[in-house]
Amino acid sequence: MDPLRTLWETFFDWESMREALPEMLTVGLPNTLILAVSAALLGSVLGMLLAIAGISRTRWLRWPARVYTDVFRGLPAAATILLIGVGLAPLGMQVWGPNPYPLGILALSLIAAAYIGEIFRSGIQSVEAAQLEGARALGFSWGEAMRVVIIPQGVRRVLPAWVNQLIALIKDSSLVYFLGLVASQRELFRIGQDYAATTGNESALLLAGLFYLALTVPLTHVVNAIDRRLRHGRPAAGPADDIDDTDLALPGAAGGNQR
Amino acid sequence: MDPLRTLWETFFDWESMREALPEMLTVGLPNTLILAVSAALLGSVLGMLLAIAGISRTRWLRWPARVYTDVFRGLPAAATILLIGVGLAPLGMQVWGPNPYPLGILALSLIAAAYIGEIFRSGIQSVEAAQLEGARALGFSWGEAMRVVIIPQGVRRVLPAWVNQLIALIKDSSLVYFLGLVASQRELFRIGQDYAATTGNESALLLAGLFYLALTVPLTHVVNAIDRRLRHGRPAAGPADDIDDTDLALPGAAGGNQR
Amino acid sequence: MSIDTTTSVSLGVRDVHLAFGANRVLRGVDLTVARGATACVIGPSGSGKSTLLRTINRLIEPDRGDVLLDGRSVLADDPDALRQRVGMVFQQFNLFPHMSVLRNVTLALRRIKKLPEDEAVAIARAQLELVGLVGKADARPGHLSGGQQQRVAIARALALQPQVMLFDEATSALDPELVKGVLGVMADLASGGMTMVVVTHEMGFARQVADTVAFMDRGVVLEAGEPAAIFETPEHPRLRRFLSQVL
Amino acid sequence: MSIDTTTSVSLGVRDVHLAFGANRVLRGVDLTVARGATACVIGPSGSGKSTLLRTINRLIEPDRGDVLLDGRSVLADDPDALRQRVGMVFQQFNLFPHMSVLRNVTLALRRIKKLPEDEAVAIARAQLELVGLVGKADARPGHLSGGQQQRVAIARALALQPQVMLFDEATSALDPELVKGVLGVMADLASGGMTMVVVTHEMGFARQVADTVAFMDRGVVLEAGEPAAIFETPEHPRLRRFLSQVL
Amino acid sequence: GDGSSSGAADNPYHLLQPGVLRAGTLTDAPPNVYLKDGEFTGFDNDLLRAVAGKIGLKVEFVGTDFSALLSQVNNRKFDVGSSSITITEARKKTVDFGNGYDFGYFGLDVPAGSPIRSFDELPGKRVVVVQGTVQDDYATSKGLDPVRVPDYNGAINQLKAGTADAWIAPAEIGDKSAADSGGKIVVAAKLLSPAPTAYAVAKGNDALREALNKGLDEVIADGTWSRLQAQYYPGRPIPEDFKPGSGTVAVPAAPSASASAAS
Ligand SMILES: Nc1ncnc2c1ncn2[C@@H]1O[C@H](COP(=O)(O)OP(=O)(O)OP(=O)(O)O)[C@@H](O)[C@H]1O
Ligand SMILES: Nc1ncnc2c1ncn2[C@@H]1O[C@H](COP(=O)(O)OP(=O)(O)OP(=O)(O)O)[C@@H](O)[C@H]1O
Ligand SMILES: [Mg+2]
Ligand SMILES: [Mg+2]
C-alpha cells in the first residue's frame with residue numbers, strides 16, 4: 001500500500017519488462033526501425049525539396065511548398081495517416097495487398113517532410129548572401145551553388161534540430177497503428193501499450209521507452225560527432241571533451257579565467 | 001462501394017462536423033490554447049536554459065543538459081506524461097486538487113524543452129565566433145554578450161524550426177488525456193475523437209484538424225513575418241510578396257535572367 | 001599560370017545605372033579597358049566601386065546600361081558562362097568557411113572545369129605557392145589572418161584562369177611585401193593578356209599597375225586616363241581634392 | 001569627444017607567448033606605449049599582429065607573459081572591466097548584422113555605461129557624424145560598403161571613450177580622404193591623452209601617426225623605435241628588406 | 001498511508017476526496033462508456049452512478065486512455081475504473097475487481113457479399129479487432145492473428161476499405177455499424193463472450209470493493225440493472241447462466257419501456 005512502492009511497481013516492474021522483452025526485440029524493434037528509417041530517408045529528401053522550393057524565387061514553387069507545409073504540419077498526424085491510409089487503401093490493396101506499412105511510411109514521410117523542410121529552410125536561409133555571391137562569381141549556377149556551398153553549410157547549422165525530427169519520427173511510427181496492424185507488425189510502442197492494456201502495468205511502456213533511448217541516444221551522439229567534425233574540418237585530435245561544443249568560448253580563454 | 005464516396009463520407013460529413021462544432025469552439029479550443037500556450041512559454045524558457053547549458057564551457061552544466069535532452073526526447077511522450085502525472089499526483093493533489101492540467105502542462109513543457117533546447121542550441125552555435133569577440137571587446141560579459149548579441153541572432157536563424165515545435169506542442173496537448181479529463185477539460189483532438197467514436201465516421205477528427213490549421217497557419221505566418229522584419233530591419237515596404245524569403249536570390253538578378 | 005593571349009578580351013561598361021531602393025548607387029558609369037590592360041578604379045568610400053564590379057560580372061543586374069566583352073553585350077548571354085570568363089576577388093573575400101583552403105581553391109576547378117581531383121589539386125597548390133600559402137592548404141579560412149584570407153581569395157579566382165579579373169581592394173589586407181608580390185603576379189597576368197579591373201585606395205599601387213585610372217564619385221566616373229595624367233595633372237576639382245589627401 | 005587626460009594610462013606588453021595548437025604565433029612579444037602615445041605595429045601578414053591585439057584586451061589569454069596598464073598587470077583583473085577601458089576595432093569589423101548602424105554604436109553605451117537612450121543616441125550620432133555616416137544611421141551593416149562598415153566599427157569603439165584603443169588595420173578599407181579624416185580623429189584622441197596601438201600596413205600612415213613603430217615578424221617584435229629611426233635608419237636586415245618593398 | 005489526509009472515520013473507502021467517487025473511464029466506447037452532450041454515460045457508467053448512490057457517494061468521471069486506466073486506478077489517481085473491463089488473471093495482478101455486472105455478445109461484421117457466415121470460418125482470414133478489448137482476447141486466444149486498430153472507426157474503415165475480411169465487434173456496436181452502413185456491412189453471426197466485466201479498484205482497497213459489491217446487489221434487486229440493460233441493449237437476451245453481482249439476489253424482469261422512462 002505504500003504509494004511509492006505502487007508507483008515503482010507500476011513503471012519499473014522487472015517481471016513485466018522481462019515478459020515483454022522478447023517480443024519487443026524480435027517484433028517491435030525491427031518494425032520500428034523499418035518504419036522510422038524509411039520515413040526518415042523519404043521525409044528528408046522531400047523536406048529538402050520543400051526547403052529549396054520554399055526559398056525559390058519563383059512563386060509557383062514557393063506557394064505550393066508553403067501550403068503543403070501548413071497543411072501537413074497543421075493536421076493531426078492521426079487524421080493525415082487515416083486520410084492517406086483509407087484514401088489510398090484501394091490502390092494499395094492492388095499494389096501490395098493489405099499490408100499497412102507502405103501507406104503508413106508514405107504518410108509518415110509526408111508529415112515529416114513538412115517539418116524537416118522548415119528546419120532545412122531555416123538553416124539554408126541563415127547562410128550569408130555573400131557565400132552565394134562567392135560561389136556564383138566562380139561560375140556556379142544557382143542550383144550548383146546551393147548544392148555545393150549553401151546547403152552543406154545551412155544543413156550543418158540545423159543538424160541538432162534535424163535529429164529532433166528523426167527522433168519524433170521514431171516515435172510517430174507508432175501511429176501507423178491507426179491503419180490496423182496484425183501482431184507481427186506491431187512496433188515497440190504498440191507492444192508496450194498492449195501489455196499495459198492487458199496487465200494494467202505500465203512497465204512494458206517504459207521498456208519501449210528504453211528501446212527508444214537505445215536508438216535515439218546513439219543517433220544524437222553520432223550526429224553531434226559528425227557535426228563537430230565538420231565544424232572543425234578534421235577528426236578532433238586528442239581529448240576533445242573540453243573543447244567540443246564550445247565554439248562560442250573565446251579561444252584560449254578557457255583557462256583559469258573563465259567567466 | 002465506390003471508394004471515393006466512402007472516403008468522402010468518412011472524412012467530410014458536414015452533419016457530423018456541425019454537430020461537433022459548438023463543443024469544439026467552447027470547450028476544445030480554449031483547452032487546447034491553455035495547454036499549448038502555457039507549455040510553449042514554459043518549454044521555450046526551459047529550452048533556452050538547456051541550450052545555454054549545452055554550449056557552456058563547464059561540463060557540469062553541459063552534461064546534465066545533454067542527459068536531460070537525451071532522456072526527455074527519447075522516452076515516449078505518453079510514458080513521460082504518465083510518469084510525471086502519476087508520480088507527482090500526490091503532491092499535485094495537495095496543491096491544486098485533482099485537476100490534471102498543471103501536471104500535464106509541466107510534462108508537456110519538460111518534453112518540449114528538450115526539443116526546443118536543441119533547436120536553440122543549433123541556432124546559437126551557428127553564430128560566428130567573431131560576433132562574440134565583437135561583443136566582448138565592447139566590455140560585455142559572456143552572459144550579456146550571449147543575451148544581447150548571440151542569442152538574438154541565433155534564435156532568429158531557427159525561428160521556423162521553433163515554430164515546428166510549437167505546432168507539435170499544440171497537437172501533443174492531446175496527450176494530457178492520459179492523465180484523465182472530465183468532459184469540460186477535453187481539448188480539440190479528444191472531442192474530435194469522441195465524436196468520431198459516437199458517429200462512426202472521422203469527420204469530427206478532421207474538424208479538429210481544421211481548428212489546428214486555424215491555429216497553426218496564422219502562427220507560422222506571423223512568425224515568418226516577424227522573421228522577415230528582423231532580417232531586413234524594417235517593416236517590408238510596399239508589395240513584399242516577391243522579395244520575401246528570397247535573401248539567397250542575388251539582388252537585382254530576379255529580373256528576366258533568373259536561373 | 002600564363003594566360004593564352006589569343007583569348008584576351010576588351011571590357012566596356014556603358015552608361016550603367018543601378019539603385020538600391022531609393023539609393024541611386026550607379027548613375028551612368030562608363031569605363032573602357034583594352035585587351036590585356038589594367039584599369040584601376042579609385043574613389044571615395046561608398047562611391048559605388050564594389051557595386052560597379054558586381055554589375056560587370058552580373059552578380060547584380062544593372063537597371064540600365066550595358067557591359068561589353070570584346071564589343072559584345074554580356075546581358076544576353078548566360079551569366080554562369082560569363083562568370084567563368086570573369087573572375088572576381090571580393091572586398092570581404094567570401095571564402096567558404098566549411099572547406100579547407102585547398103578545397104576553396106579546387107572547388108570550381110573540379111565542379112566547373114571538371115578537372116580530375118589530382119589535376120585540380122596541382123593547379124591549386126601552384127596558385128597557393130604563388131601567394132605563399134601552401135603551408136595553410138589544410139587550414140580552414142577561419143583560422144587564417146586577414147592577409148592570408150585575402151591571398152586565398154586571390155588564388156581561388158586566379159586558379160580558374162579567367163580572361164577578365166575584377167579585384168575589389170585586392171591588397172587592402174596585405175603588407176608591403178605581399179603587395180609587391182601581388183603586383184608581380186599582376187604584371188605577369190597582364191603580360192599574359194589578362195584584362196583587369198582593380199579597385200584600390202592605395203594610390204601608389206594604382207600608379208604602378210594601371211594602364212588606365214578611373215576616378216569614381218557618387219556613382220559616376222568623373223575622370224579617367226593614364227596614371228600619369230590622373231595623378232600629376234588631375235583636371236576635375238573633386239579629383240584634385242581627393243588626391244591632395246594622399247599621405 | 002575629448003578624453004579626460006587624468007585617466008590616460010601607459011601600456012606594457014611583456015614577453016607574451018601564445019600558440020594555436022602547434023602553431024606558435026606569439027613567441028615573446030614586448031611592447032611599451034607611453035601614456036597618450038600612439039604605437040604603430042607593422043609587419044608581414046601572419047606575423048601575429050592581430051593576435052597580439054587580442055591578447056592585450058584578453059580576448060585570448062596568453063600562454064605566458066603579462067600585459068600592464070600603468071604598470072599594473074591586467075591578468076589578475078576582471079576581463080570585462082579591462083575591456084571597458086580598452087577599446088578595439090577589428091580587422092573584419094565584427095559589426096552586429098542584426099542591428100542598425102545606430103544601434104551597433106549605442107548598444108554598449110546603453111547596456112554597459114547604462115546611459116539613458118537619448119543620451120546614448122546623442123553620443124552615437126556625434127561619433128557617426130565624425131566618420132561621415134549619420135546618413136546611414138538606420139541602415140544594417142550588410143547594406144554598407146566596406147569603408148562604411150569600417151567607419152562604423154571605429155565609431156562604435158570610440159563612443160565608449162576607452163583609455164586605450166587597439167586598431168587592427170583601422171584604415172584598410174578607407175580611401176585617402178577618409179584616412180586623412182581618421183588621422184585627424186586620432187590626432188585629437190592622442191592630444192586628448194588616449195593611448196593607442198595601431199596595426200597597419202600603410203607605412204605613410206604609420207609615419208604620420210606613430211610615436212613609436214614596432215616591427216613584428218614571426219611572433220616577435222624585431223625592432224621598435226621612433227618612426228624616423230625605423231623608416232630611415234632601420235637596423236634589422238629583415239626590417240630593411242620589408243621596407244624596401246614599400247611602393 | 002493511503003494518500004488521503006482525512007481519517008478513516010469520514011473517509012471509510014479511502015477515496016481521494018471524501019464522498020466523491022472518482023471514476024476513470026473512456027469517452028469513446030459506446031454504448032458501454034461514452035460522452036453524450038458533455039455527460040459521461042453508457043451502461044457501465046450509469047450503473048456505477050446508481051451503485052454509488054446506494055452507498056452515499058457522488059461519482060465524478062474522468063476520461064482517459066484504456067492503456068493508462070488500470071495503472072492510475074492502482075496508483076489511486078482514480079478510485080475506480082469503469083470501462084467494461086473484463087476480469088482476467090493478468091489484470092488481477094494489478095487491480096482488484098468487484099463482482100461481475102455485465103456480459104457481452106460478440107458480433108461478426110463482414111462486408112456485404114462476404115462468404116463468411118460463422119466464427120468457425122475465421123482462421124486464415126484477416127480479422128480486425130479493437131486493441132485491448134475482450135474481442136481482441138478472444139481472437140488472439142483462438143490464434144486468429146487479428147489486425148488491431150485503436151477504435152471502432154478503425155475497424156469500420158478496414159471493412160469499408162477492404163483491408164480486412166471480418167470484424168469481431170461487441171454485438172451492439174456491430175449491429176449499429178451494420179445499420180448505419182447503408183448495406184455495405186452486415187452482421188454474419190453472434191457469440192456469447194466468455195468472461196464478465198467488472199469495476200476495478202486499487203489493490204487492497206477492500207472497503208471500497210465490498211461497498212461497491214453491496215451497492216451492485218442493491219441496484220440489481222431494485223430493478224435498476226434490468227432497466228439499464230433494456231435501455232442500452234434493447235432486445236438483447238440475457239444468457240441463462242449469467243448471474244450479475246454476487247449472484248445471490250434475484251434479477252427482476254426488465255420493466256416495460258414506458259415504465260423505465262417514468263422512473
Ligand atoms: N583562430 C585561429 N586558430 C588557429 N590559427 C590562427 C587563428 N587565428 C590566427 N591564426 C594563425 O596565427 C598566425 C597569426 O595570425 P594573425 O591574424 O595574428 O596575423 P596578422 O599579423 O594579423 O596578419 P595579417 O596582417 O594578415 O592580418 C597566422 O599564421 C594564422 O594562420
Ligand atoms: N546590398 C546593399 N543594399 C543597399 N545598399 C547598398 C548595398 N550595398 C551597397 N549599398 C550602398 O551603395 C553605396 C555604394 O556601395 P559600394 O560598396 O559600391 O561602395 P564602394 O565604392 O565600394 O565603397 P568602399 O570603398 O567603402 O568599399 C553605399 O552607399 C552603400 O551603402
Ligand atoms: Mg567597396
Ligand atoms: Mg591581422
Side-chain angles (χ1 to χ4, degrees), chain B residues 57-58 120 123-160 162 223-238 240 243-253, chain D residues 50-51 53-54 56-60 78-114 136-144 149 152-153 156-162 164-168:
Chain B
R57 284 158 299 168
T58 339
F120 285 165
I124 292 171
Q125 281 191 319
S126 78
V127 177
E128 300 68 31
Q131 290 291 309
L132 185 65
E133 279 207 328
R136 299 220 61 184
L138 291 174
F140 284 104
S141 67
W142 189 85
E144 273 277 290
M146 287 304 255
R147 216 163 57 74
V148 179
V149 175
I150 307 298
I151 292 176
Q153 289 187 66
V155 166
R156 217 218 56 207
R157 292 182 178 184
V158 290
L159 279 184
W162 176 67
V223 174
N224 277 355
I226 292 173
D227 181 20
R228 256 193 314 273
R229 192 157 168 169
L230 291 176
R231 203 182 294 271
H232 299 295
R234 52 191 149 64
I243 43 163
D244 64 5
D245 291 328
T246 54
D247 291 335
L248 282 171
L250 291 176
Chain D
S50 298
T51 307
L53 290 195
R54 279 182 167 78
I56 292 177
N57 72 349
R58 292 180 63 194
L59 287 176
I60 310 178
D78 175 25
D80 298 333
L82 168 70
R83 293 191 200 109
Q84 289 176 35
R85 299 167 64 196
V86 181
M88 177 155 184
V89 178
F90 290 89
Q91 192 167 8
Q92 316 284 3
F93 320 144
N94 299 11
L95 297 177
F96 305 134
H98 60 306
M99 299 177 178
S100 70
V101 162
L102 186 70
R103 220 155 180 79
N104 261 277
V105 183
T106 57
L107 187 69
L109 291 170
R110 289 183 299 120
R111 298 294 188 127
I112 293 178
K113 300 256 168 181
K114 309 279 182 209
K136 295 281 182 187
D138 294 327
R140 292 282 179 105
H143 288 176
L144 297 186
Q149 290 184 32
V152 175
R156 183 174 74 173
L158 290 182
L160 293 170
Q161 304 197 343
V164 178
M165 271 295 299
L166 310 174
F167 287 100
D168 199 354

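Side-chain atoms are counted along with the backbone in the values below, which use heavy atoms only and exclude waters and symmetry mates. Protein chains get the first letters and strands the later ones, always in sequence-line order, with residue 1 at the start of each.
In terms of heavy-atom pairs under 4.5 Å with chain B, the best-connected choice from D:Leu166, D:Leu107, D:Val86, D:Asn57 is D:Leu107.
With a threshold of 4.5 angstrom between heavy atoms, B:Arg147 approaches chain D through side-chain atoms but not through N, CA, C or O. Only the side chain of D:Phe90 comes within contact range of chain B, with at least one heavy atom under 4.5 Å from a heavy atom of that chain. Of the two parts of D:Arg85, neither the backbone nor the side chain holds a non-hydrogen atom closer than 4.5 Å to a non-hydrogen atom of chain B. With a 4.5 angstrom heavy-atom cutoff, D:Leu82 does not touch chain B via any of its atoms.
Expressed to the nearest 0.5 Å, how far CG of B:Leu138 lies from CD of D:Gln84 amounts to 9.5 Å. Residue D:His98 holds its NE2 atom at 9.0 Å from CZ of B:Arg156, rounded to the nearest 0.5 Å. From D:Arg54, atom CZ reaches atom CZ of B:Arg136 across 13.5 Å, with rounding to the nearest 0.5 Å. Rounded to the nearest 0.5 Å, atoms CD (B:Gln153) and CE (D:Met99) are 7.5 Å apart.
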